[in-house]
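Everything on this sheet refers to the single structure shown next.
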Amino acid sequence: MSLAYRANADFAKLNHPMRVPLSAEIHSRPFLQLQAPESLTHFALYVQQDQPSQKLHRSTQHQVLEQLCMHYGVAVPTPQARYFFHDFGRFRLKWECHTEFATYTFVERSDAGAACGEAFERMPLQHVPQEWLASLHGKIIVAAHVLLCKGEPDDAGAVDAIRELFQGKSLVGSSVGSGAEVWTDFLIQPDGFSRFVVRDLSLREFQAGRLVGRMLEIETYRMMALLGLPQAEATQPMLNGIENELADLTAMLVQADQPDGISTEAREEQALLHRITSLAARLEKLSVNNSYRFAASQAYFSLVQSRIQELREVRIAGMPTLAEFMGRRLAPAMHTCTSVAQRQEGLAKRIARSNDLLRTRVGIEQERQNRKILQSLDARAAQQLRLQQAVEGLSAVAISYYALGLIGYAGKAMKASNLPVNPDILTGIAVPLVIGGVWLGLRRLHHQLADKPVRIAAG
């Protein structure tokens, strides 16, 4: 083993375990190498799961790719792969697996002498198995045809021919800083595909691939960003209902706080608290269902804006640019998602404040009731004390009576023993002494019992 090999092996042990994967991440999705004329068909497959899982999403997307590769007898990439490129002969395929979707870009070399209109009729899609396309039903979120063709600056005839390729009137076009023109209307044509035309005026090597890649990313991210709009529109009526119900509950709270109003009972306040808690639970469910989608829409919208800025557009006379089109059509939709998200947060704070207010009122009412209970307990204890004192007086009389009886019996016994003792006189003399002694003894015992818990608590 050479010293250089041993040195490299020892150095490799010092690497962070994520150094190589992180370094490869930036190179994992290279642009296609295109040179006009080329035709492309682009798919973006969105697989929605009941319980979102990145591992399950990749497994599903890999199964779709595996079916296509097996049809042509091509080796399938590993399940951990997120990028795949292969030349199938008649066409080239670039596959990328993203967080929520996977993209398939089919590329075919076009006939240099073919007209633009005829080029869209002979796209790489014709080489893809129809059985595989049929299995994608319900999963396609983006389907686009791209025509990359050579062009000359100030060619009015070419521009007129490009206009005929689009059915809509809202045609968008601009010159980009890399030396090309891009044209589209962002509409789905009768064949089910949106169309893009890229005129190569003076593109350098690899610039065509980067330009086409940015256009496809703009279309894909645009559609993924718009997934949040239907959810936002469906959420607004629910938020209206929650706001109206919260307003009614707040009015009930304000009415109960008026000096002339009738104070609500504890059971009514508990019912209000239950309703507010129910509102909070409903709103929390909406937030959980919408938070990911709204955050993803904003992330995709930021990517669309970033890709448009990278184009460095220059206006074509009389034509709106991509930035203007997105600012007028896509931005309001994203603002709707943002406003609904902010409305959810604001409503959650209002419900939380109302909940805290009502809980405080319920707590104060409970303290008032506890104070009344304590006062009733104090009154009952005072009554018991007075009753106990009365019983103690009767007890002193009863004890004195029995003690004087014993003294009388003792006097009679002494008289029977021929002692000079008069039992009646002895009993009469002993009456005040016995009563006083019994009363003092009971008072002393009472004070000892009353002071005993205090000594224990102090100790």
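For clarity, every value in this text was computed on a predicted model and none was experimentally measured.
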(message) Suppose we call two aromatic rings close when their centres sit under 6.0 Å apart. Are Phe196 and Phe166 close by that rule?
(response) no

(request) Measure across Arg275 and Leu249 and return the closest heavy-atom pair with its distance rounded to 0.1 Å. (result) CZ-CD2, 3.3 Å

(message) Working to the nearest 0.5 angstrom, can you tell me the gap between Lys139 NZ and Thr60 OG1?
(response) 7.5 Å

(message) Ring of Phe85, cation from Arg92 - is the NZ or CZ under 6.0 Å from the centre and inside 45° of the axis?
(response) no

(message) Would you say CD of Gln33 has more than 12 non-hydrogen atoms from neighbouring residues, nucleotides or ligands within 6.0 angstrom?
(response) no

(request) State yes or no: are the ring centers of Phe206 and Phe31 separated by less than 6.0 Å? (result) no

(message) If you apply the rule salt bridge (Lys or Arg N to Asp or Glu O under 4.0 Å), what do you find for Arg350 with Glu243, and how did you get there?
(response) CA-CA 9 Å; Arg350 290 169 53 192; Glu243 281 186 339; 3.8 Å; yes

(request) Tell me, yes or no, whether the heavy-atom count around Gln236 atom CD, taken from other residues, nucleotides or ligands under 6.0 Å, exceeds 12. (result) yes

(message) Let's go through Glu219 and Arg222 carefully: what are the C-alpha distance in whole Å and the side-chain angles of both, what is the deciding distance for salt bridge (Lys or Arg N to Asp or Glu O under 4.0 Å) to 0.1 Å, and is it a yes or a no?
(response) CA-CA 5 Å; Glu219 175 67 2; Arg222 175 182 74 94; 3.0 Å; yes

(request) Report the relative orientation of the aromatic rings in Tyr104 and Trp132; use parallel for angles under 30°, tilted for 30 to 60°, perpendicular for over 60°. (result) perpendicular

(message) Which residues pass the side-chain contact (heavy atoms from CB on, under 4.5 Å) test with Val74, not counting sequence neighbours?
(response) Cys69, Tyr72, Phe84, His86, Phe88

(request) Not counting sequence neighbours, which residues clear side-chain contact (heavy atoms from CB on, under 4.5 Å) with Ile188? List them please. (result) none

(request) Please work out whether the ring planes of Phe43 and Phe106 are parallel, tilted or perpendicular, with thresholds of 30° and 60°. (result) perpendicular

(request) Ignoring hydrogens and angles, tell me if any N or O in the side chain of His145 forms a donor-acceptor pair with the backbone of Arg195 under 3.5 Å. (result) no

(request) Return each pair, listed once, that meets salt bridge (charged side-chain N to carboxylate O under 4.0 Å, His left out) where at least one residue sits in residues 327-337; pairs must be two or more places apart or across chains. (result) none

(request) Taking all non-hydrogen atoms of both residues into account, name the closest pair between Val146 and Met123 and its distance. (result) O-CE, 3.6 Å

(message) Please check: side-chain N/O of Thr220 versus main-chain N/O of Thr103, any donor-acceptor pairing under 3.5 Å?
(response) no

